[in-house]
Each structure stands twice: as C-alpha cells, then as structure tokens.
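So you know, we letter chains A, B, ... as the sequences are listed, proteins then strands, and number each from 1.
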Amino acid sequence: MAKPRIPTVKGTRDFYPEDMALRRWLYEHMRAVSEAFGYQEYDGPFLETLELYAAKSGEELVKEQAFVFPDRGGDLITLRPELTPSLARMVAQRQKQLTLPLRWWSFGPFWRYERPQRGRGREFFQWNVDMVGVATPEGDAELAAVGASFFRRVGLQPDQVRILVNNRRLMDAQLERLGIRAGLRKAVFRLIDRKEKMRPEAWEAYAAKIGLSPTQIQGLYDLFQRHDLWETSDELRRFFAAAEALGVAEYVRYEPTIIRGLDYYTGTVFEARDHEGRFRAILGGGRYDNLVAAVGGEPLPGVGFAMGDMVITLVLEAYGLRPALPLTPAQVLVTVFDDAHLLPSLRLAQELRAAGFRVATYPQPAKLGKQFKYANRLSIPVVAVLGPDELAQGAVALKHMGRGEQVTVRREQAVATLRAWLAVGSPGEGA
RNA sequence: GUGGCCGUAGCUCAAUGGCAGAGCACCUGACUGUGGAUCAGGUGGUUGGGGGUUCAAAUCCCCUCGGCCACCCCA
C-alpha cells in the first residue's frame, strides 16, 4: 500500500491490461451499435476554451464542475466536461456544408471536478450519440433504440435495465393545468427530478418552499401516478409507436417523474436505470432544439444521449455480464529450451507470425515447467516446444493447453495444425 | 464545496493500548523436456503519509492524502 510513492490524481484510474480490455470491449459494442444505425464516428478536442461552456446558456454547473486552468499564455483552458458544446460548435462551423440530418457518435475521456464516488470519477469515458437536423419523435425513438440495442447486445435484459421516457412539453402543459406559472416551472422540474431522492416530508417541504400550494403538490402526486399520461401527447404516442417498430418496445417505458437535470432539454427526455434502482442513471439524454444557436449558428434541432463507462461497468458486474476477456493477444508461446535453441526458437516464432499467428516467445532460456506455467497463467492456448529432439528431426512439438493434448509435427505442418486448433473462437479476436 | 464511515502483505480480512497474523496468491522443491491437482518449505509490511499523547500506538488525538456513503450534481 505504501508502494506508490507518486499517487494517481484523485478520481482517476489506471487502466491495466484487463481494464483496457474491458474498455475496448465496451468501445467495440458501442461502435457496432452506432454503425448499425448508420452513425459516423467523430471527436472534438479534449481541451476547450472556457467560453464554449459559458456560452451554453450560462450554466454555472458546468463551469463549477470543470477542470479549468490557465495555460502558459494566461488563457483559461477547460478539460471538456461533456461533448455536446463541442458538437454544437463543430456543427455550427460547417453548418452550410454538412449533410443534414447528421448522425454522429463518439467515445472518449471527459473530466469533472467532483467528489469521486462509486460509479463516478473525475476522469471517465463517455459514449455520445447525437442526431442533428431533424425534430421528429421518430428521431427521438431512434436514439432510445440505439441505447436499447446496446443493452441487448451486451446481454442486459429488459427486466434488468430499462429506458424511462418523458416529455418536457407534456409536463409543461400539465404544470400549466395545475396553475403553476411559467416562471416557476424550471424550479418545479428540478423538484420533480429530485422526487426519488428525498423523503416525502422533505420533498413536500421543498415543494412548499418554492411556492407550490398544497393543491398543486397533490396535483403533482396525481401526475406521478399517471403512467398513461403519454397517451395524451402526440409526440410520445409517435415515440412509442416508433420504438415498437424499431424492436425495442420492451426496453422503453413511460415514467412521469423523469425530467432530467439539464436545462437545455426541450422535448422528450429519457434515462436508463437498472431495475432495482441500485445505481445512478446508466445513460441520459433527450431533445435539445436550441443548442447550435447558442454557439452562433442557425438554430438546429437535435437529440442525443450520453453513457458513462463507470456505471455501465457496475451494472454489467451486478448482473454477471462482465465478460471474461483474453489476458493476452498471444495465441502461441514459443518456448526457449536453452541458449543453443534461443535463435532457432526466435526463427520459429517469426515463421508463425508470418503465417498470421500472434506469437510470443519466452524471452530467455528457462525450465520448461516455468515456461508452461507462464503460458497457463496468461491463458495462451498453444505452447510450441523446439528442443534438441525436434530440432534434429526438423519437427516442432505443439501442445494444446486447453485439451492437454500434444503432437509432434514436421515443421511445415505446424501452421496447418495451428490453423485447425485456433480456427474458431480463437482468443483475442474480440466479440 | 458540506457532513459522515473507512485505510493492516499482491488480494480478502484478523489483531481495540502490550512481540503485526491467517487464508488465497507468489517463489522454491518433491517432478533433471511440460501448466492447471497434491504435499513440504520460503519470500513478503516503515499498519496510506506526517505530527502528537504514552513506559508502550495498527489501536487514542490532530493534520494530510486516498477510497466509500449522503448532500450537490450528473455519465
């Protein structure tokens, strides 16, 4: 414990090979799902100006939570806390030449200066998916379908993880019906957002404090029971019809208490939660119709969501879905019998690499037991032995570690044997 | 940024003021050209770091760093 004299920065993680393998696994599934829906990969800078976030409806939240520091010239630099403002700028910059609607996705690091907790660090990775230039409920449903398709792909079932959906315009109309004036609705949205996190008495006290009457508070309670409320919204009726057509009906559900914290959402909002509610939101997103305008472009509608790597990892672990990934890409370990066989072993390894196999050599002569143990620990599926006997006969001994089966074949036949052994489901190929 | 719990071997944890331990892991050997099993032996720690109280501190106090929990906010 006292070993790391130089600690990591608070809230950051080292990615050892096994961690990196999982990150890459997540990335591969995100890429596959994004591309299945025709989304293009893009990225923005990791460093941005503070102005970019200040421009975004002057949200103090983002400014207070971001890593901001002066560069050597004295300009204030921000480690990006989210991607949407960068996306808005990139779109605004090439608004005239981009082919709309555009479908873009990205996976990369983000930073937020927060108190680290389980599922929340100061440096994390996030999958962002956005569609810009179209303002239809079917577009909203497509984004939800991308998220749901990811869950399905990694093995999360609809009874384990679900995307809860609501619509701010619908809620706005409902609040108006309750006689809650427009100036108060932003605060009431925040109130609704905190419904699940507070005890009823505290929540009601908070509601009264922001100016709601007992009748209005009761009206909100009634609203929260209205799981059929979506039927009164044309947008949501179309949303759920599209979700059904997209094959993800079982993953989406109307939930009147979902409102999302961010101010820039204007229409449909959604977030994914685990069924037991043990974890914070797995993904969150919604429709934002004024974003590009905030950084100087013509107004363009958009819809998107973001999913962080930390919570989804916890959820996968909770449901036993964290995959067992290969520890090493090596398919073959070529042993080194003794000094005299070192160079011949290197030649054999290179021969096998030339044939397309991923081959590691033991880096120095050692007892064969030690070398086999090394292969076993790293789960390298095949061990090749080139000792005095094999060398004299122009042969090589190949051992299939999983089956414990060993054959001695002529050197020219080694490749064919390996092809047969490693043909399907060979480790290291990913999913 | 506020309040709270925690930090002992690589890992999971004991020891609650009195000689820092166990299991697993690791290394060596039994097995001189073969891993995963078994048996025997062995390495491993300034108890997160610093200061204080005490004859004596992993244990009590203060500071600090880190993790976790609740706020806050959100991925």
Worksheet item: Are A/Tyr39 and A/Glu142 close enough, and set up right, to give a side chain to side chain donor-acceptor pair (under 3.5 Å), and what steps lead you there?
Response: CA-CA 11 Å; A/Tyr39 285 64; A/Glu142 175 172 306; 2.6 Å; yes
Item to complete: Have a look at A/Phe337 and say if it touches a base, only the backbone sugar-phosphate, or nothing, with a 4.0 Å heavy-atom cut-off.
Response: base
Item to complete: Determine, using ring centers only, whether A/Phe107 and A/Trp25 are less than 6.0 Å apart.
Response: no
Item to complete: Go through the structure and list residues passing side-chain contact (heavy atoms from CB on, under 4.5 Å) with A/Phe240, not counting sequence neighbours.
Response: A/Val165, A/Trp230, A/Leu236, A/Val252, A/Tyr254
Practice prompt. Please tell me which of the listed nucleotides, B/rC73, B/rG33, B/rG35, lies nearest to the side chain of A/Phe372?
Written response: B/rG35
Worksheet item: When rounded to the nearest Å, what value does the distance between P atoms of B/rU2 and B/rA58 take?
Response: 31 Å
Would you tabulate the nitrogen or oxygen pairs shorter than 3.5 Å linking the protein to nucleotides 1-4 of chain B?
unit_1, atom_1, unit_2, atom_2, d
B/rU2, O4, A/Arg115, NH1, 2.9
B/rG3, O6, A/Arg115, NH2, 3.2

Discussion item. Please convert RNA chain B into dot-bracket. A pair counts if it is Watson-Crick or G-U wobble with both distances under 3.5 Å; crossing pairs go in [ ] and bases paired with another strand get |.
Written reply: (((((((..((((....[..)))).(((((.......))))).....(((((..]....))))))))))))....
Practice prompt. Measure the distance from CZ on A/Arg403 to C1' on B/rG35 and round it to the nearest whole Å.
Written response: 16 Å
Worksheet entry | Proximal nucleotide (of B/rC68, B/rU34, B/rC73) relative to the A/Arg118 side chain | B/rC68
Item to complete: Return the nearest nucleotide to the side chain of A/Asp389; candidates are B/rG35, B/rC73, B/rG33.
Response: B/rG33
Discussion item. Distance check, C1' atoms only: B/rA25 and B/rU34, in whole angstrom units.
Written reply: 22 Å
Worksheet item: Is the distance between the ring centroids of A/Trp203 and A/Tyr221 less than 6.0 Å?
Response: yes
Practice prompt. Could you list all the salt bridge (charged side-chain N to carboxylate O under 4.0 Å, His left out) pairs where at least one residue sits in residues 302-329 of chain A, not counting sequence neighbours?
Written response: A/Arg13-A/Asp309, A/Glu317-A/Arg322
Fill in: Pairwise P distance for B/rU53 and B/rA14, with rounding to whole Å
31 Å
Practice prompt. Rounded to whole angstrom, note down the C1' distance from B/rC39 over to B/rG45.
Written response: 28 Å
Worksheet entry | Along RNA chain B (nearest heavy atom to each residue), the more 5'-positioned of A/Val311 and A/Glu405 | A/Glu405
Practice prompt. For A/Ile282, answer base if it contacts any base atom (sugar-phosphate contacts may also be present), sugar-phosphate if it contacts only those atoms, and nothing otherwise; contact means non-hydrogen atoms under 4.0 Å.
Written response: sugar-phosphate
Worksheet item: Counting only N and O atoms by type, is there a donor-acceptor contact under 3.5 Å from the side chain of A/Gln331 to the main-chain atoms of A/Val382?
Response: no
Discussion item. Can you tell me whether the side chain of A/Lys399 and the base of B/rG35 have a donor-acceptor pair closer than 3.5 Å?
Written reply: yes
Practice prompt. Grab the CZ-P distance between A/Arg122 and B/rG67 for me, whole Å please.
Written response: 8 Å
Item to complete: Report the distance from atom CH2 of A/Trp111 to atom P of B/rC74, rounded to the nearest whole Å.
Response: 20 Å
Discussion item. Measure OH/A/Tyr362 against P/B/rG35 and give the value in whole Å, please.
Written reply: 13 Å
Worksheet item: Please give, in whole Å, the distance from B/rC74 P to A/Asn128 CG?
Response: 15 Å
Worksheet item: Looking at A/Phe239 versus A/Phe270, is the centre-to-centre ring distance below 6.0 Å?
Response: no
Practice prompt. Rounded to whole angstrom, note down the C1' distance from B/rG21 over to B/rU16.
Written response: 15 Å
Item to complete: Enter the distance from A/Lys186:NZ to A/Leu191:CG here, rounded to the nearest 0.5 Å.
Response: 15.0 Å
Item to complete: For A/Ala306 and for A/Ala397, locate the closest nucleotide of RNA chain B by heavy-atom distance; then report the residue assigned to the nucleotide nearer the 5' terminus.
Response: A/Ala397
Discussion item. Just to verify, what does A/Leu76 make a side-chain contact (heavy atoms from CB on, under 4.5 Å) with, not counting sequence neighbours?
Written reply: A/Leu50, A/Val68, A/Pro70
Worksheet entry | Residue pairs, two or more places apart or on separate chains, that pass side-chain hydrogen bond (donor to acceptor under 3.5 Å, both in side chains) and touch residues 336-355 of chain A | A/Asp338-A/His341, A/Gln350-A/Arg353, A/Glu351-A/Arg411
Discussion item. Any side-chain N or O of A/Gln117 below 4.0 angstrom from OP1/OP2 of B/rA70?
Written reply: yes
Worksheet item: The side chain of A/Val385 lies closest to which of these nucleotides: B/rC69, B/rG33, B/rU34?
Response: B/rG33
Detail all sub-3.5 Å separations between protein N/O atoms and N/O atoms belonging to nucleotides 23-30 of chain B.
unit_1, atom_1, unit_2, atom_2, d
B/rC26, OP1, A/Arg377, NE, 3.0
B/rC26, OP1, A/Arg377, NH2, 3.4
B/rC26, O3', A/Arg377, NH2, 3.4
B/rC27, OP1, A/Arg377, NH2, 3.1
B/rC27, OP2, A/Arg377, NH2, 2.6
B/rG29, OP1, A/Lys367, NZ, 3.3

Worksheet item: Touch check for A/Ala375, heavy atoms < 4.0 angstrom, all strands: base, sugar-phosphate only, or nothing?
Response: nothing
Practice prompt. With P as the reference atom in both, quote the distance from B/rG18 to B/rC27 in angstrom, rounded to an integer.
Written response: 36 Å
Worksheet item: Which whole number of Å gives the distance between the C1' atom of B/rG29 and that of B/rC13?
Response: 30 Å
Worksheet item: Can you tell me how far P of B/rG36 sits from CG of A/Leu378, to the nearest Å?
Response: 14 Å
Practice prompt. Not counting sequence neighbours, which residues clear side-chain contact (heavy atoms from CB on, under 4.5 Å) with A/Gln117? List them please.
Written response: A/Arg120, A/Arg280
Worksheet item: When the aromatic ring centroids of A/Trp104 and A/Tyr42 are compared, is their separation below 6.0 Å?
Response: yes
Discussion item. What's A/Gly121 touching, base or sugar-phosphate or nothing? Going by heavy atoms closer than 4.0 Å.
Written reply: base
Which atoms of nucleotides 39-42 of chain B (N or O only) lie under 3.5 Å from a protein N or O atom, and what are those distances?
none

Quiz: residues 389-400 of chain A side-chain donor-acceptor pairs under 3.5 angstrom, not counting sequence neighbours:
unit_1, atom_1, unit_2, atom_2, d
A/Glu390, OE1, A/Gly387, N, 2.9
A/His400, ND1, A/Gly402, N, 3.4
A/His400, ND1, A/Arg403, N, 3.0

Worksheet item: With a 3.5 Å cut-off and just heavy-atom distances, do the side chain of A/Gln371 and the base of B/rU34 make a donor-acceptor pair?
Response: no
Worksheet item: By side-chain contact (heavy atoms from CB on, under 4.5 Å), which residues pair with A/Glu250, not counting sequence neighbours?
Response: A/Arg152, A/Pro158
Worksheet item: Does the distance from a Lys or Arg side-chain N to an Asp or Glu carboxylate O, for A/Arg253 and A/Glu255, drop under 4.0 Å?
Response: no
Item to complete: Name all residues meeting the side-chain hydrogen bond (donor to acceptor under 3.5 Å, both in side chains) criterion together with A/Gln413; count only those two or more places apart in sequence or in a different chain, and write none if there are none.
Response: none
Worksheet item: Does A/Trp127 have its ring centroid less than 6.0 Å away from the ring centroid of A/Phe305?
Response: yes
Worksheet entry | Spacing of A/Arg80 atom CZ relative to B/rC74 atom P, expressed in whole Å | 19 Å
Fill in: Between B/rG44 and B/rA22 - P atom distance, rounded Å
13 Å
Discussion item. So A/Glu123, base contact, sugar-phosphate only, or nothing? Heavy-atom distance under 4.0 Å.
Written reply: nothing
